[in-house]
K.L.:
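Just passing along the structure, written as structure tokens.
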Number of protein chains: 2
Amino acid sequence: MSRMIEARNPIGELVTGRQWDQLRDALRPMHPSDIADVIIEQPTETEGIIFRLLPREKAARAFAYLPPTEQRHLLDSLSNEQVRHLLDEMSPDDRTHLLEEMPAEVTRELLLQLDPQELQAARKLLGYPEDTAGRYMTPKYAWIYPDMTAAAALDKIRQTGKGKETLNWIYVIDAAGKLVEDVRLANLVLAPAESNVMAIDDPELVSVRATDDRESVLKAFEKYDRTALPVTDDRGYMLGIITVDDVLDIAE
Amino acid sequence: MSRMIEARNPIGELVTGRQWDQLRDALRPMHPSDIADVIIEQPTETEGIIFRLLPREKAARAFAYLPPTEQRHLLDSLSNEQVRHLLDEMSPDDRTHLLEEMPAEVTRELLLQLDPQELQAARKLLGYPEDTAGRYMTPKYAWIYPDMTAAAALDKIRQTGKGKETLNWIYVIDAAGKLVEDVRLANLVLAPAESNVMAIDDPELVSVRATDDRESVLKAFEKYDRTALPVTDDRGYMLGIITVDDVLDIAE
């Protein structure tokens, strides 16, 4: 009987048995669209853990194959108590070995879904260790595309800027989601209307990684005299911003 | 001989004799335009000390009667080593008794003339005690008029905003020089082009007095979570701004 269930539903069995290595091996050869099908078939509690075990590149592609409502289910699953518990109970070695950083677009969606208090409670949810930038970032930042003029950028900020954590810094993000520049709103306002946002005279881009620890984030704030800093994954994809208030909270 | 000089030049004699009370009494009944004439007649070293002994209201009016080049002479005199020395050697009682806050427009001109290092060196020049906001303010702020639209305000900022200490906060100053509001640049950008700058939804005005001590300035920064605060004289006339960096320097 147990065998039959295993044969019919090996993925679910591997989750139930906490057989993470085997589960990862079972998923490895599968095509992202097939993995998307597996995720759809699994109960909500299982979806999230499967997704977290995927290598980042494959996770990103599988996520893209999911229809919007299933993407929503997956995000719910990732913030689900049971999934968090499963991730929490992994040994630190297993965690390092098995879990890569999540795809940036999924992290951003999760950040949008959870408020900062929930995020801090959902400790290992994003996979970032305690006292790292990833634990404190917010997705409420204003961004523009690199091919925009100053006038177009100001229009976009006018339309989307309400409720952002700060508008003093605007982030230039390419179509793939990579952070390519940061621009002071003041310099956008001072620039001639038709100038390209990438050509505006402005301090160099400064960013931190989500995995950066408290000390290096504090140093970046001090060194570059900023009130907000963008946070990226280790490939430079934009995840969120962290404000100086958040860092001062960290420092307490 | 001495009597003759005194009769011909009693003001100069009173300065030479450090007879501050008598000098003040001699100036009191005079019309501001006559005081302006006296200031023009006196040597540079004396101009500043006469001006400093005038009650603020009369000083402001006398200053307005001076032609531009004489206003410049007076400002030079106020930052002159000898005048500063005379002010420095007054007893604290005399200083309290004799010296009122300078007219806001003169303070602003002096701030524009001296860089922050000079200002800190010219210790008693502005009459503000050590460790008060007046010692750390800068005149490099962006300002607009209360009757402007958001679009007109942004135009003015575009034309005048270069080289300001910050453009994140814009100060609304009336024709008399009073600070009436502060507006985030972000909210100016978000506002409909035709809305009046005074009608923009924005946090309440927060300002400090030039005579406020370090502790209350620090408290204001913390309580209102600002990176810059406007500094006024005790009647609310705009003098300059103080940035959070300056306060952190104070705190060291």
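The sequence lines fix the lettering, A, B, ..., with proteins before strands; numbering per chain opens at 1. Since this is a predicted model, take the numbers as computed values, not measurements.
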K.L.:
What parts of residues 58-74 of chain B touch chain A if we use heavy atoms and a cut-off under 4.5 Å?
P.N.:
none
K.L.:
Report, by ascending residue number, the residues of residues 165-185 of chain A in heavy-atom contact with chain B at a distance under 4.5 Å; give 'none' if the set is empty.
P.N.:
Leu167(A), Asn168(A), Leu185(A)
K.L.:
What residues of residues 155-163 of chain A sit under 4.5 Å from chain B when you count only heavy atoms?
P.N.:
Ile157(A), Arg158(A), Gly161(A), Lys162(A)
K.L.:
Could you tell me which residues in residues 221-237 of chain B have at least one non-hydrogen atom under 4.5 Å from a non-hydrogen atom of chain A, sorted by residue number?
P.N.:
Asp225(B), Thr227(B)
